[in-house]
Amino acid sequence: MAALFSEGFTFNQIKGISEKASFCILLYLKCLQFKLKNMWKFPGGLSEPGEDIGDTAVREVFEETGIKSEFRSLLSIRQQHTHPGAFGKSDMYIICRLKPYSFTINFCQRECLRCEWVDLSDLVKTENTTPITSRIARLLLYGYREGFDKIDLTMEELPAVYTGLFYKIYHKELPDSYKTMTGMD
């Protein structure tokens with residue numbers, strides 16, 4: 001799942017309201033698979049084998065909304081066992097924050113009834129959404145107001161113990177003094 005989030009642009013690019021605010025993109029889904037009511041949710045989907053988390057979020061957002069974006073951070077992970085759509089496996093639902101490169105929506109009509117930019121202040125008040133979408137909206141609003149450094153898990157690529165291989169680690173940003181610490185200073 002990806003929270004495609006734009007901060008500080010003038011909303012008249014999207015809906016004709018001339019004010020600076022924080023917005024995220026949501027899909028209004030017709031949920032038939034599990035007999036859920038129609039509801040708003042963030043775009044997202046399954047990773048391809050060998051695909052990195054951020055690449056999955058960027059790809060899924062583009063496939064579902066037509067919006068190109070850039071991975072910024074990991075926001076949250078939901079773990080659930082016995083999820084009905086997880087093929088008998090435990091499910092890890094990873095929420096990423098993305099930066100959009102465009103704002104024009106061209107959504108996938110096979111998966112969605114509607115797709116639009118929604119003001120976070122409005123989203124946190126709506127009842128027509130899932131509990132996780134509601135919680136992530138509050139998390140994004142907090143990050144927007146208080147600073148994303150308080151909520152982001154950033155990605156860093158480090159060399160693996162195997163020659164020539166690397167791994168990605170997601171964590172809260174370390175202060176510079178700790179990044180270069182050599183001992184018990």
Side-chain angles (χ1 to χ4, degrees), residues 1-9 11 20-27 40-80 83 86 89-103 117-121 123-124 129-185:
M1 176 203 306
L4 186 63
F5 176 74
S6 180
E7 57 181 291
F9 70 90
F11 199 42
K20 288 203 171 192
S22 55
F23 301 89
C24 61
I25 195 159
L26 291 175
L27 303 175
W40 288 103
K41 72 172 262 328
F42 293 110
L46 299 174
S47 289
E48 300 294 335
E51 187 176 40
D52 286 335
I53 293 166
D55 294 338
T56 299
V58 167
R59 177 183 54 77
E60 284 288 341
V61 164
F62 180 73
E63 288 175 2
E64 294 181 6
T65 70
I67 294 175
K68 293 184 179 181
S69 60
E70 171 189 327
F71 174 79
R72 297 309 297 251
S73 70
L74 192 138
L75 290 175
S76 180
I77 300 171
R78 182 213 68 203
Q79 180 182 19
Q80 183 176 355
H83 183 280
K89 308 287 184 197
S90 293
D91 182 48
M92 299 291 283
Y93 194 66
I94 300 170
I95 298 111
C96 302
R97 183 170 67 90
L98 306 180
K99 176 183 177 182
Y101 288 132
S102 66
F103 301 100
W117 289 95
V118 176
D119 187 313
L120 286 172
S121 297
L123 181 58
V124 297
T129 188
T130 64
I132 195 166
T133 299
S134 180
R135 176 57 57 99
I136 296 306
R138 286 170 171 76
L139 184 65
L140 280 168
L141 191 59
Y142 173 69
Y144 175 70
R145 290 177 175 170
E146 304 297 326
F148 283 107
D149 59 316
K150 294 186 177 358
I151 64 169
D152 282 345
L153 298 178
T154 58
M155 185 275 294
E156 185 176 1
E157 189 169 79
L158 298 173
V161 295
Y162 305 103
T163 304
L165 298 179
F166 293 86
Y167 62 87
K168 293 180 178 172
I169 183 171
Y170 298 84
H171 57 82
K172 296 283 289 170
E173 188 68 30
L174 284 173
D176 287 336
S177 62
Y178 279 82
K179 289 180 182 176
T180 58
M181 185 182 277
T182 57
M184 298 301 287
D185 297 346

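Residue numbers start at 1 and run along the sequence shown.
L123 and V118 get closest at one heavy-atom pair: CB-CG1, 4.0 Å. For T65 against P43, the heavy-atom pair with the smallest separation is CG2-CG, 4.2 Å. Looking at every heavy atom in both residues, R138 comes nearest to V124 through NH2-O, 2.9 Å. Nearest heavy atoms, P100 versus L98: CD-O, 3.8 Å. Considering all non-hydrogen atoms of both residues, S76 and I136 come closest at CB-CD1, 3.9 Å. When all heavy atoms of S121 and L141 are compared, the closest pair comes out as OG-CD1, 4.1 Å.
One finds the CZ atom of R59 at 9.0 Å from the CD atom of E64 (value rounded to the nearest 0.5 Å). How far OH of Y93 is from CZ of F42: 9.0 Å, rounded to the nearest 0.5 Å. The CZ atom of R145 sits 14.5 Å away from atom NZ of K150, with the distance rounded to the nearest 0.5 Å. A distance of 11.0 Å separates CG in L74 from CD1 in I151, rounded to the nearest 0.5 Å. Residue L75 holds its CG atom at 7.5 Å from CZ of F148, rounded to the nearest 0.5 Å.
Listed by chain and number, the residues in a side chain to side chain contact (heavy atoms under 4.5 Å, CB included) with P159 are F166 (sequence neighbours excluded). Every side chain to side chain contact (heavy atoms under 4.5 Å, CB included) that D52 has, sequence neighbours left out, goes to D55, K168.
Using a 4.5 Å cut-off on side-chain heavy atoms (C-beta onward), Y170 and I94 make no contact. Residues S73 and R97 meet the side-chain proximity criterion, which asks for heavy atoms closer than 4.5 Å. Within the 4.5 Å cutoff, no side-chain heavy atoms of S47 are placed close to those of I53. In this structure, I132 and I95 have side chains that are in contact, with non-hydrogen atoms separated by less than 4.5 Å. Between L153 and K172, some side-chain heavy-atom pair lies under the 4.5 Å cut-off.
Residue pairs that meet the salt bridge (Lys or Arg N to Asp or Glu O under 4.0 Å) test with at least one member in residues 155-167, sequence neighbours left out, do not exist here.
Other residues, nucleotides and ligands contribute at most 12 non-hydrogen atoms within 6.0 Å of the CZ atom of R135.
Between D152 and R72 there is no salt bridge, since none of the side-chain N atoms of the basic residue sits less than 4.0 Å from a carboxylate O of the acidic one.
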>> side chain to side chain contact (heavy atoms under 4.5 Å, CB included) for Y167 and L158? Distances and angles first, verdict last.
In response: CA-CA 6 Å; Y167 62 87; L158 298 173; 3.5 Å; yes
